[in-house]
K.L.:
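Please read through the structure below; I'll follow up with questions.
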Amino acid sequence: MHKEPDNSTEMPQPKKPDVVAGTVPLGELRRPFGVYVVACVVGVEALALGIAAVWAIISAISAPMFSAASGIFLVVLIAAMAAGLAAVAINVFKGMRWTRSAAFVWQLLMAALAVPALLEGNVLLGLVMLLPAVAAAYYLFTPTVVAFSQRTGGDDDASGTAVL
């Protein structure tokens, strides 16, 4: 049996993502709008905590403290939380898997602080804390953000796959 050579002029088709298996190469994923929302909300919250840390340092220096140890601990705690939230915001933007739980827990804490503010009559403060937290929590669970955030620490070159 002799096969005739294939002289077809068809161009080779580019390889499409393996959607059947439910995976897409990370290089072919576009960053969804929800990732921008979550990263911005968490980034602004990290910035606010950084400002609070600077304010705590200034007030610890300028005002008399009852306990120096508690003042130092408070400054270190606020600064560490600001640095942690900044890391979460950066890695949400990169699509790291571990950031979704950290961002969601922080949004729950923000809602837990916003509700008493609303109930006490501080409507503006309550809404400023609650609305971004609700938006970030909503977008954390949208399918596109979940699919985008399937990277692990070993996927630095974006050559891994995301599970859809």
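The basis for the numbers below is simple: all heavy atoms, side chains too, and nothing from hydrogens, waters or symmetry mates.
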K.L.:
Hey, what do you get for CG (L118) to CE (M129), rounding to the nearest 0.5 Å?
P.N.:
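The CG atom of L118 sits 7.5 Å away from the CE atom of M129.
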K.L.:
If hydrophobic clusters are built by linking Ile, Leu, Val, Met, Phe, Trp and Tyr wherever their side-chain heavy atoms come under 4.5 Å apart, do I78 and L113 end up in the same one?
P.N.:
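They do share one cluster, since a chain of ILVMFWY contacts under 4.5 Å joins I78 to L113.
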K.L.:
Rounded to the nearest 0.5 Å, what's the gap from CD1 on I72 to CD1 on I57? Could you check?
P.N.:
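If I round to the nearest 0.5 Å, the distance is 10.5 Å.
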K.L.:
Can you check side chain to side chain contact (heavy atoms under 4.5 Å, CB included) on W106 and M110, steps first, answer last?
P.N.:
CA-CA 6 Å; W106 185 257; M110 291 300 293; 3.6 Å; yes
K.L.:
Would a hydrophobic clustering, with Ile, Leu, Val, Met, Phe, Trp and Tyr connected at side-chain separations under 4.5 Å, put L109 with L125?
P.N.:
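Shared cluster, yes.
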K.L.:
On a heavy-atom basis, which atom in A82 and which in L49 lie closest, and how many Å separate them?
P.N.:
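Scanning both residues completely, I find the closest heavy atoms to be CB-CB, 3.7 Å.
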K.L.:
Might you point out which heavy atoms bring A46 and L85 nearest each other, and give the distance in Å?
P.N.:
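Taking every non-hydrogen atom into account, CB-CB, 3.6 Å.
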K.L.:
Taking the six-membered ring for Trp, is the centroid-to-centroid distance between Y139 and F33 below 6.0 Å?
P.N.:
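Ring centres of F33 and Y139 closer than 6.0 Å.
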K.L.:
Given 3.5 Å as the limit, does a donor-acceptor pair link the side chain of R97 with the main chain of S149, or not?
P.N.:
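Pair absent, no side-chain N/O of R97 close to backbone of S149.
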K.L.:
Please give me the minimum heavy-atom distance between P32 and Y36, naming the atom from each residue.
P.N.:
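Smallest heavy-atom distance, with atoms named: O-CD1, 3.4 Å.
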K.L.:
Are V145 and Y138 co-members of a hydrophobic cluster defined by side-chain heavy atoms under 4.5 Å apart?
P.N.:
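Linked within one cluster.
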K.L.:
Ignoring hydrogens, what is the shortest heavy-atom contact between F148 and F93? Give both atom names and the distance.
P.N.:
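Nearest pair, atom of F148 first, then F93: CE2-O, 3.7 Å.
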K.L.:
Mind checking the CD-CG spacing from Q107 to L130? Nearest 0.5 Å is all I need.
P.N.:
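Going from CD on Q107 over to CG on L130, the span is 10.5 Å.
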K.L.:
Group every Ile, Leu, Val, Met, Phe, Trp and Tyr by side-chain heavy-atom contacts under 4.5 Å, then state whether V38 and F141 land in the same group.
P.N.:
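As far as the 4.5 Å side-chain criterion goes, F141 and V38 are connected within one cluster.
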K.L.:
Looking at every non-hydrogen atom in both residues, tell me the closest pair between R100 and L140 and how far apart they are.
P.N.:
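Closest approach of R100 to L140: NE-O, 3.2 Å.
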K.L.:
Check for me, please, whether V54 and L77 land in the same ILVMFWY cluster - side-chain distances under 4.5 Å, paths through other members count.
P.N.:
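No; tracing contacts between hydrophobic side chains, which count when under 4.5 Å, never links both residues.
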K.L.:
Might you point out which heavy atoms bring G43 and A89 nearest each other, and give the distance in Å?
P.N.:
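Shortest heavy-atom separation between G43 and A89 comes out as N-CB, 3.6 Å.
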